[in-house]
**Q** 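The following block contains the structure, expressed as structure tokens.
Letters go in sequence order (proteins before strands), and every chain restarts at 1.
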Amino acid sequence: MSIEKKEFRPKIVAFCCNWCSYAGADLAGSSRLGYPADVKIIRVPCSCRVNPMFILRAFEKGADGVIMCGCHPGDCHYSTGNYYARRRMTLLFSMLDYIGVENGRTRVEWVSAAEGVKFSDTMNEFVEKIYSLGENVRLGDLRCRS
Amino acid sequence: MGSEKKQAEMIREISGVNPLKCMKCGKCSATCPSFNEMDIKPHQFVSYVINEDIESLVNSKSLWKCLSCFACVERCPRDVKPGKLIDAARQLVVRQKGQDYLSADEIPELLDPELPQQLLVSAFRRYRR
Amino acid sequence: MQELKDRARELLADGTVKRVLGWKIGDLPYNPEPAYFETEESLKDFVYNGFCGANLSKYMIEASKLDGKTMVCLKPCDTYSFNQLMKEHRVDREKAYIAGVGCKGKLDIEKIRKQGIKAIERIEGAGICDEAETLKIQTVYGEKTCAYADAMLERCHVCKGKEHKIYDELIGESKETADADRFDEVAAIEAMSPEEKFAFFQKELSKCIRCNACRNVCPACSCRKCVFDSTKFDSSQKANVDSFEEKMFHIIRAFHVAGRCTDCGECSRVCPQGIPLHLFNRKFIKDINELYGEYQAGEDTGAKAPLTDYTFEDAEPSIVGKRG
Amino acid sequence: MQRIGVFVCHCGSNIAATVDVAKVAEMALMEPGVVHAEDYQYMCSEAGQAKIAEAVHEKNLTGVVVCSCSPRMHEATFRKAAERAGLNPYMVEIANIREHCSWIHKDMEEATKKAVILMRAAVAKVNLNTPLKEGESRVTKRALVIGGGIAGIQTALDIADAGYEVDIVEKTPSIGGRMSQLDKTFPTLDCSACILTPKMVEAAAHEKITIYTYSEVEKVSGFVGEFTVDIRKKARHVDMDKCTGCGVCQEKCPSKKAPSEFNRGLNKRSAIYTPFAQAIPNVPVIDCDNCIKFKTGKCGICAKVCQAGAIDYEQQDEILTEKYGAIVVATGFDTINLEKYDEYAYSQSPDVITSLELERVMNAAGPTHGHLERLSDGKAPKEMVFIQCVGSRCSDDRGKSYCSKICCMYTAKHAMLIRDKYPDVNVTVFYIDVRTPGKNFDEFYRRAVEQYGVNYIKGQVGKVIPQPDGKLLVQASDLLDNQQILKEADMVVLATAIEPNPDVRKIATMLTASIDTNNFLTEAHAKLRPVESPTAGIFLSGVCQGPKDIPETVAQAGAAAVKAVGLLAKDKLMTNPCTAHADELLCNGCSTCENVCPYGAITYEEKEVNDHGIREVRRIANVNNALCQGCGACTVACPSGAMDLKGFSNRQIIAEVDAICR
């Protein structure tokens, strides 16, 4: 059996709120603004639905980067959801940074339904960052690696 | 040099212009100071590249009549920039012949410090052989 | 201590309280344990000394369900926890008779052991009324001494103050013990490189045996059922099987108590593996203070908790990469 | 265990060209719970929907995954199809393999791989789906129309005629909008005011319509059927009840230096003013920035001359709070700023004007009383040049990428009117394309050429150079003759691109309505739901949705009204069943969730629970399903995980995460 060094293709999970960012991703799609296929989007009603647990779970299962997108502060479909999400994610990311996880693996970006370009640009940028960071070894469950 | 098709591709690559974006409004020709001296008019450059008739383009008078003033580049509403296309065609010719009008060593003496950079560069491109 | 014992006897006798929640003598001189005393008779085992570090406020969750009042002995720092529990509707103020007990710093047997003092038979100077600055420790190998301050729990060096935030009566004197900055340890870690940080926590957390002592003792971890025991998140875990799970557990535990943790330090005190778990909670407290304004959980039952509050101008999460 | 059917849509070639749909279906069969998988040309077609029904019946499906376009597009379609087949509609999930996959990736292998993963995530989620039932909410039988132009007026009239109360909120002192500024309308050349004014009067007189002019929407809360809106009635400083509209105040006002908004700044108006003679309401407002009384404290002439005593310098802004079931946005348009088009010398010469300014010049009530004259020297022009597509169809950042749609027709109108009234004036139109789709439109344009002798030249103008003698030198190309043209003109008219009213972004934000990169409001479906916003209860009327002319605007206004009436006619609405729910055995009763709920939907109750045999009374969170909108803020605030969101449960999302990271 030969061991081949596989080309690194990151796994990236994007949580997108239904009202702004998911629609922004749709707009990126209908405008044919490409970004790497490594990004997979999970639809949530609001950024405030994103539990830190989901993010850690993604890392545990082998994600190399997790990005959360929501409506711009002030534009939340539910008025205040993204304000809570902003605090939660700030604290969580700070904690991950504190325990030595590369800061670039997590990101929050506010993307409105009109910002297809921003969505695609953000994803391109984020994927590039993850490529530069390489495989996530600090948070993953090694058993999940194949 | 390769086929006409390849040349057209090279023009696209050098210029960074997508000629298919042209909506044929003619603003480039409207704005061109050398219009009357040109055999192929600025708005037609685009068609020659699309039709891959590079032979006519490189043999045209226009190739050397374009001042590279970039008025068409500035005003083009569609980002097509005919000035860049003709500039690219010129480069094809220049690259092919490879014989410069001046050698690099001769240049510094001829320089006027007041001369705008862009003029210098475009002059180079046209008179190099 | 005698004063406290007498008062407990009185309150039991006149029926003000049905039971007393305090500490009883352990099997070793340094391990008193929390206990209920329902009769004057049983009070003979009651003890209150430097080793009574246990925060009794969490016991009031269960005591609130019992008939009649419970006299609960709370040190100044414990009263923050009681307040926080009251805010969360977990304890019933009416069911508690709070004896605010004095504190001159609590002792850490590990610190004594670290000084090479082993096989301890008897300790003098740990009493609450003792003015002694040193502990006299009788061991199998003879008498040893140790400065009181050198044997104190880490948390007492960064004490929030000896003022009781809630009480029915105060018993006993306190002595200020704070002599270090509460966030120095956190700041030191923050200053490390990512590799050093990772190595530090990897080393500490790999000691975790998931005994759940931290969770069980924590007054903020008061959930009827912990998410790590429930099927709701597909996160129930019986044991650590990889290097990530304890990280996940401790991060989430700290996150769940963020803005609610009073920094009572019980988690670190009870950890059988000596993991400095308070470093997680204190990191959140430091961030909250820096980003959203000073906040002390349990100080004021009316204040909005930082994670259930926001301002329009809150820092963006990207600040994490920009600081320091 | 669920019995799941997976349906992979080709979407013609939209998906199938980049994603191997058959492979996705084949891979689906390997997923747990999947008992049926197929691919089909158009899943959203009747035949496609029938396939779902058929499989539900034949394979006894309990769940359905459709791999297709965005759930924002067809989730409702497929849920209804499943419901008709007897399945709970919430047992359907969509894997978005078009917008999030086939449209953005080029490599077939890569796109197929991703589509499979998206399918797996959806299957993993459906495995944990539970049937959900919709709740009900009330409908307030009153509509709000934002904007009082022809779109807003027509929508309001149509809603009111159907028997429902309507409020119009208009930012300026009068309703009427852009149409009131126009002189004549194409292709019939009716006088704009003659057809608009009666509609304005009708709206003002309608017993079901309330008009708030000089007012703005300040805050919107609530949701479809029950919006609560704060309307700021800006201080007019004139008492609407007392004012008789005699106009003496405007005549006597000593401050006459403010540029007239109505005349596009071509002339001045007084500080106390009504924008135009036929304004409704015919009550002036005081422009505080230009009023001497407000600036210096001295003056007060208007108050002295007002016989009715209507002037009130102390008047303050007023905030009204009203409830509405539906909101129609009709915020209209403006012309773009020409700052970035210096080559046309708009800022250099007063004789270079926009078409909208020409409307005012041609209008009898305009700054020149309807005489065509140069604004620099008042001379009658002999040569007029019209430049088309100024700022429209631009792919650079100077202009707009879209066609403004109305310019070709109004330019033909202007050219025709000028040639008709001033036959000695030569009119030249430089065009790129003449776009005249519309009833009698091309005939109209041909008439301008054939009967009126308007000179149309294909070729854009490169630049306009003001000459020392006041003439304008126009340098253009004639593409058909392959000539460059230098032409002296007396006046140049720019067919300036139109853009949505700049305020629309703010309004869209308040309404949480989607807006596109050009600031046009997005419709729920480009073809099938053109007058609805994706946000329930918000409807679109007029140019705020996209460039259109008056007949189209009126048609859309009527359509928006019908959609709004369709909503108002309902007594109850079905509410989103994806609401939060507390597991009473896990709930600590800590109130954390209550503190983050934006709708006040969570209350606490003392409730007896049976926790594995232990009966006790506990403080438990209770979610009001009618109020809960399903944001999920509470679910994360809850430390014990007792609070969960139906349709987006913790386990469902984690299953998706796991499927993606697998």
**Q** Under 4.5 Å heavy-atom distance to chain C, tell me which part of I653(D) shows up: side chain, backbone, both or neither.
**A**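 Neither the backbone nor the side chain of I653(D) comes within 4.5 Å of chain C.
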**Q** For N610(D), is the CG atom crowded, meaning more than 12 foreign heavy atoms sit under 6.0 Å from it?
**A**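 Atom CG in N610(D) is packed in, count exceeds 12.
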**Q** Look at atom CE of M1(D) and say whether more than 12 heavy atoms of other residues, nucleotides or ligands are closer to it than 6.0 Å.
**A**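 Yes, CE of M1(D) has more than 12 neighbouring heavy atoms, counting only those of other groups under 6.0 Å.
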**Q** Where does A642(D) contact chain C at under 4.5 Å (heavy atoms): side chain, backbone, both or neither?
**A**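 Only the backbone of A642(D) comes within 4.5 Å of chain C.
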**Q** Does atom CD of E94(C) have more than 12 heavy-atom neighbours, drawn from other residues, nucleotides or ligands, at distances under 6.0 Å?
**A**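 Not buried by this count: 12 neighbours or fewer within 6.0 Å.
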**Q** Measure across C223(C) and S640(D) and return the closest heavy-atom pair with its distance rounded to 0.1 Å.
**A**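 Of all heavy-atom pairs spanning C223(C) and S640(D), the closest is SG-CB, 3.4 Å.
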**Q** Would you name the heavy atoms of T308(C) and N595(D) that are closest together and state the gap between them?
**A**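 Residues T308(C) and N595(D), closest heavy atoms: CB-CB, 3.8 Å.
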**Q** Within this structure, what is the CZ-SG distance for the pair R224(C) and C587(D), rounded to the nearest 0.5 Å?
**A**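 That separation rounds to 7.0 Å.
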**Q** Quick check on K219(D): does its NZ atom have over 12 non-hydrogen neighbours (other residues, nucleotides or ligands) under 6.0 Å away?
**A**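 No, not enclosed.
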**Q** How long is the gap from NE2 on H89(C) to OG1 on T592(D), to the nearest 0.5 Å?
**A**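 It comes to 9.0 Å.
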**Q** So do the side chains of R260(C) and P639(D) get within less than 4.5 Å of each other, counting heavy atoms only?
**A**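 A side-chain contact exists here, since the closest heavy-atom pair is under 4.5 Å.
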**Q** Using a cut-off of 6.0 Å, state whether more than 12 heavy atoms not belonging to K133(D) lie near its atom NZ.
**A**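 Atom NZ in K133(D) is not crowded, with 12 or fewer foreign heavy atoms closer than 6.0 Å.
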**Q** Would the number of heavy atoms belonging to other residues, nucleotides or ligands and lying under 6.0 Å from NZ of K69(C) be above 12?
**A**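 Result for NZ/K69(C): enclosed.
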**Q** Between R90(C) and N588(D), is a side chain to side chain contact (heavy atoms under 4.5 Å, CB included) present by the stated rule, with each step listed?
**A** CA-CA 8 Å; R90(C) 302 308 306 280; N588(D) 295 327; 3.6 Å; yes
**Q** Please check if the number of heavy atoms outside Y167(C) that lie under 6.0 Å from its OH is greater than 12.
**A**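 For Y167(C), atom OH is not crowded (no more than 12 foreign heavy atoms under 6.0 Å).
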**Q** Is K304(C) close to chain D through its backbone or its side chain, or both, or neither, when contacts mean heavy atoms under 4.5 Å?
**A**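 Just the side chain, heavy atoms under 4.5 Å.
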